[in-house]
Protein chains: 4
Amino acid sequence: MEKLARKEREFRMHRMEILEQAEKIFAAKGFHNVTMAEIANASGFSIGSLYQFFEGKDNLYTTMITEKLDLMYGQIREKVNMAEDLTEKITMLIGASFQFIEENTDFCGLFLRGETAPLSELMASLRQKLADDHSQHLTFIENILKKGIKSRYLRPLNSRAMAAALFGLIRSSAIDWMLLPAEESLNSKKEFIMDIFLRGVIKHEK
Amino acid sequence: MEKLARKEREFRMHRMEILEQAEKIFAAKGFHNVTMAEIANASGFSIGSLYQFFEGKDNLYTTMITEKLDLMYGQIREKVNMAEDLTEKITMLIGASFQFIEENTDFCGLFLRGETAPLSELMASLRQKLADDHSQHLTFIENILKKGIKSRYLRPLNSRAMAAALFGLIRSSAIDWMLLPAEESLNSKKEFIMDIFLRGVIKHEK
Amino acid sequence: MEKLARKEREFRMHRMEILEQAEKIFAAKGFHNVTMAEIANASGFSIGSLYQFFEGKDNLYTTMITEKLDLMYGQIREKVNMAEDLTEKITMLIGASFQFIEENTDFCGLFLRGETAPLSELMASLRQKLADDHSQHLTFIENILKKGIKSRYLRPLNSRAMAAALFGLIRSSAIDWMLLPAEESLNSKKEFIMDIFLRGVIKHEK
Amino acid sequence: MEKLARKEREFRMHRMEILEQAEKIFAAKGFHNVTMAEIANASGFSIGSLYQFFEGKDNLYTTMITEKLDLMYGQIREKVNMAEDLTEKITMLIGASFQFIEENTDFCGLFLRGETAPLSELMASLRQKLADDHSQHLTFIENILKKGIKSRYLRPLNSRAMAAALFGLIRSSAIDWMLLPAEESLNSKKEFIMDIFLRGVIKHEK
DNA sequence: AATGAATGAGTATTCATTCAT
DNA sequence: TATGAATGAATACTCATTCAT
């Protein structure tokens, strides 16, 4: 029983190690420009071992993306849900997004710029997941904003469009930050986005 | 002389034909999943001929991206420059961007989602150009906004950040539109963006 | 037109050259122990060229078998059909079989011993063809013998079984000849088989 | 001592279990399409354990073939030796051969069709054994027939060729039976072969 | 100029075998 | 003794590029 547990633990450790290295390498070079040998080498395993943890290159890639994305969405939602009022929720949304991006620059370089787009049919499920996740995330944001509208704090605009706008502001700041190296912390842009977005959206009681 | 001219004209025609077909195919499948034979076939030329117009696959790809982007930035600037006051300029910026995107969905699917990101070192120059173009475009937007700030029409915020914000709003609307099929015209979102952005940015004379 | 013809001719020549070399190598080592590089090398083409003539290793193998078998059955039938009476037909059947075997020892080593048996599902069609060809060949022999039965020259035994028996005698002689090196000509066994088959083995007292 | 005996007994049991499973799987898929993992799984042992019973895949395969063949030849000879006169001996030869084939269809499918032929050099010894066994078997048959010749019961033909002929008749019947599924018992062909072989095919006009 | 056959370097994947536990 | 995770050599196949015609 104990042995089984250790085996299990080791398996997960090894799997994670591979995923971490794969993330770095894929992020740096993109899917097609990476070889299994490269990943094997970087993660300290043999080529063959990679296939004990993942069904193949496609699977390794999609797994890496999938698990990281789940982590991201999970972290963001957890933090947002802990906040109570609307303003605080939006602040947390931006802050948690920025934090994840800052802590996972490599991965986000891959994801934000969408290197995930033109994968072969075999990865169709990944594309679907990405689209679904994105849509779900927008809905999550939308629901927050809807409450603001209902409570008459926000203007009665199309909530989906508002969510997309907020997401776009976050995203564009991140892209800008990632493209221009050696700038100030990404988080420093939080205030700016809050400012722009709330002014654009808050119902100004005369 | 005349003959030379015809040759020249033919050469350009052929070159364009190839670029157009290449654009469609690359947009549909991404760089790595396309073969030169495929492009040759689609454009009605032999494989060998492709190499008389372009140095290789990388060059064909980067040329296609580069020329299309130049076209896009050119169109947008031309229209914006024709506008006179700030609001009109911003309207044109959004409108011209949306128009190009609607008229070039395939290409933008490739570009917006960033399939262009992790190309091999050989394409380093493309990456540089993309980054430069993007930066230049932000500067272009920035300069418009700066005038608004100077004229005290806009709040004295960080102009670069404002430009990035506006760009982000445009981009996120486009992505949303591209991901959700069979929706209303992209252009219908123009008003919304104008609304959000200007409220967030205009200096509200008390 | 002429050019097309030459291309066509060259294509066939190259294809044949590859098939001939492949036959030798496959015969010597069996399907799985042969590499495409080996065949490419032996036939004087590059690896890539092999794939311009054949869809893959499986296809190259099955094509080689198929075409050679068709040749064999064709040669045998042609000669048998030229004969007129029953005895002569049987003589030709044995003779033509032996001749093909002697002239194609390598190939027959592969075929007679049945290395063709356990091929992957992809080659299911080959297996079917082999079985069909064999069955058809037995039927061909059977039809000859049936006439002999009808004309009361042969005993009214099960014609299918008789065909199988004759085929077995031919086959076993061939196997014996192939296994024991440096013996007399295979054809020298023709008389013996004719004798055994036509008259039987018992010494007819009286 | 007793413990040792039990160990020994267990070892043999395990070894046999593996051989039996290996036989089934090899027979179904051929040597190259079978993995050690597959055999390990089917026989209920770990991969590592297989290597305690056999030196490797080659060895496992050749051992399986060798032992089964020894069993076959042993069974046939034993039964033939129990018969007394020539006719009875030949009957037993055919009958025992057919019985083994019927009881070991899987294995014979592998062997009769000769999947054993083109094994790598490492298995050269197996090929040799197969050839030797075959030759020895023919000699065994030959010796029976020689007595028949000496006693003037059989015609003074080449005894080796007669043996090969008889073997060929048996073999071809078996192949035919194995290729055509769902037929009558193989043994039902015994009489026919006896008839053909002993009396011949020509209708002996009195 | 135009063609497309020929090239061969590059890579994902398999699986017999080993050996630390 | 038994296990099965780790290994890495081996190989079919692809496709950008060249060059003889």
Side-chain angles (χ1 to χ4, degrees), chain A residues 3-4 6-7 10-11 14-15 32-41 44-61, chain B residues 7 10-11 14 31-41 44-61 122, chain C residues 3-4 6-7 10-11 14 31-41 44-61, chain D residues 7 10-11 14 31-41 44-61 122:
Chain A
K3 268 190 181 172
L4 210 67
R6 185 173 61 217
K7 289 263 173 181
E10 274 188 350
F11 181 87
H14 293 173
R15 190 174 172 284
H32 284 96
N33 297 309
V34 169
T35 68
M36 290 299 269
E38 212 168 346
I39 297 171
N41 203 45
F45 289 88
S46 66
I47 293 176
S49 291
L50 261 43
Y51 288 83
Q52 286 182 329
F53 295 95
F54 305 95
E55 287 163 30
K57 195 185 177 187
D58 283 15
N59 180 254
L60 174 51
Y61 185 71
Chain B
K7 289 264 175 181
E10 275 187 352
F11 182 87
H14 293 339
F31 181 73
H32 284 96
N33 297 312
V34 169
T35 68
M36 289 298 269
E38 212 169 345
I39 297 171
N41 201 47
F45 291 88
S46 67
I47 294 177
S49 293
L50 260 44
Y51 285 82
Q52 286 176 331
F53 293 95
F54 305 95
E55 288 165 28
K57 193 186 177 187
D58 284 13
N59 179 255
L60 172 51
Y61 185 71
L122 294 172
Chain C
K3 267 189 180 174
L4 210 68
R6 185 173 60 218
K7 288 263 174 182
E10 273 188 352
F11 181 87
H14 294 173
F31 181 74
H32 284 96
N33 296 311
V34 169
T35 68
M36 289 301 269
E38 212 168 345
I39 297 172
N41 202 47
F45 289 88
S46 66
I47 292 176
S49 291
L50 260 44
Y51 288 84
Q52 285 182 329
F53 294 96
F54 305 95
E55 287 164 30
K57 195 184 176 188
D58 283 15
N59 180 254
L60 173 52
Y61 185 70
Chain D
K7 289 264 175 182
E10 274 187 351
F11 181 87
H14 293 340
F31 181 73
H32 283 96
N33 298 311
V34 169
T35 68
M36 289 299 269
E38 212 169 346
I39 296 172
N41 201 47
F45 291 89
S46 67
I47 293 177
S49 293
L50 260 44
Y51 285 82
Q52 286 175 331
F53 293 96
F54 304 95
E55 288 164 28
K57 194 185 179 189
D58 285 12
N59 180 254
L60 172 51
Y61 185 69
L122 294 172

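Hydrogens, waters and symmetry mates play no part in the numbers below; they use all other heavy atoms, side chains included. The sequence lines fix the lettering, A, B, ..., with proteins before strands; numbering per chain opens at 1. Only a predicted model underlies this, so the values are computations on that prediction, with no experimental measurement involved.
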- Query: Given atom NZ of A/Lys57 and atom C1' of E/dG10, what is their separation to the nearest angstrom?
  - Reply: 11 Å
- Per nearest nucleotide of DNA chain F, the residue lying toward the 5' end, A/Phe53 or D/Phe45, is D/Phe45
- Task: Report yes if some heavy atom in the side chain of B/Phe31 is under 4.5 Å from a heavy atom in the side chain of B/Asp58; otherwise report no.
- Result: yes
- Which atom names give the shortest non-hydrogen contact between D/Glu38 and D/Val34, and what distance separates them? OE1-CA, 3.7 Å
- Query: When you measure from the side chain of C/His14, which nucleotide among E/dT17, E/dA6, F/dT18 comes out closest?
  - Reply: E/dA6
- Measure from CG on C/Asp58 to C1' on F/dT11 and round the result to the nearest Å. 13 Å
- Note on the structure: With the side chain defined as heavy atoms from C-beta on, D/Ile47 is closest, among E/dT18, E/dT3, F/dT17, to E/dT18
- Let me know the distance between CG of B/Leu50 and C1' of F/dT18, rounded to the nearest Å. 14 Å
- Query: Any side-chain heavy atom of D/Tyr51 sitting closer than 4.5 Å to one from D/Met36?
  - Reply: yes
- C/Lys7 NZ to E/dG4 C1', straight-line distance once rounded to whole Å: 6 Å
- Task: Could you state the atom-to-atom distance from CG of B/Asn59 to P of F/dA16 in whole Å?
- Result: 14 Å
- Just call it for D/Gly48: base, sugar-phosphate, or nothing, with non-hydrogen atoms closer than 4.0 Å on any strand. base
- Who is the Watson-Crick or G-U wobble partner of F/dT14, with both distances under 3.5 Å? E/dA9
- Closest listed nucleotide, where the reference is the side chain of D/Thr35 and the choices are F/dT7, F/dT3, E/dA16: E/dA16
- Assigned partner base of E/dT3, Watson-Crick or wobble definition, under 3.5 Å: F/dA20
- Query: What about D/Tyr61 and D/Phe54, are their ring centers closer than 6.0 Å?
  - Reply: no
- Message: Distance check needed: F/dT11 P versus C/Glu38 CD, whole Å only.
- Response: 9 Å
- Integer-rounded Å distance: E/dT17 P and D/Phe54 CZ: 13 Å
- Item | Residue mapping more 5' on DNA chain E - nearest nucleotide basis, C/Ser49 or D/Gly56 | C/Ser49
- Task: Figure out the CE/C1' separation between C/Met36 and E/dA9, and round it to whole Å.
- Result: 16 Å
- Query: Of all the choices, E/dT3, E/dA16, F/dA12, which nucleotide is nearest to the side chain of D/Tyr51 once you look at every atom?
  - Reply: E/dA16
- Query: Is any side-chain heavy atom of C/Lys57 less than 4.5 Å from a side-chain heavy atom of C/Leu50?
  - Reply: no
- Query: Between the side-chain atoms of B/Gln52 and the base atoms of E/dA1, is any donor-acceptor pair under 3.5 Å?
  - Reply: no
- Message: Quick check: on DNA chain F, is the nucleotide nearest D/Gly44 upstream (toward 5') of the one nearest B/Glu55, or the reverse? Name the residue that is more 5'.
- Response: D/Gly44
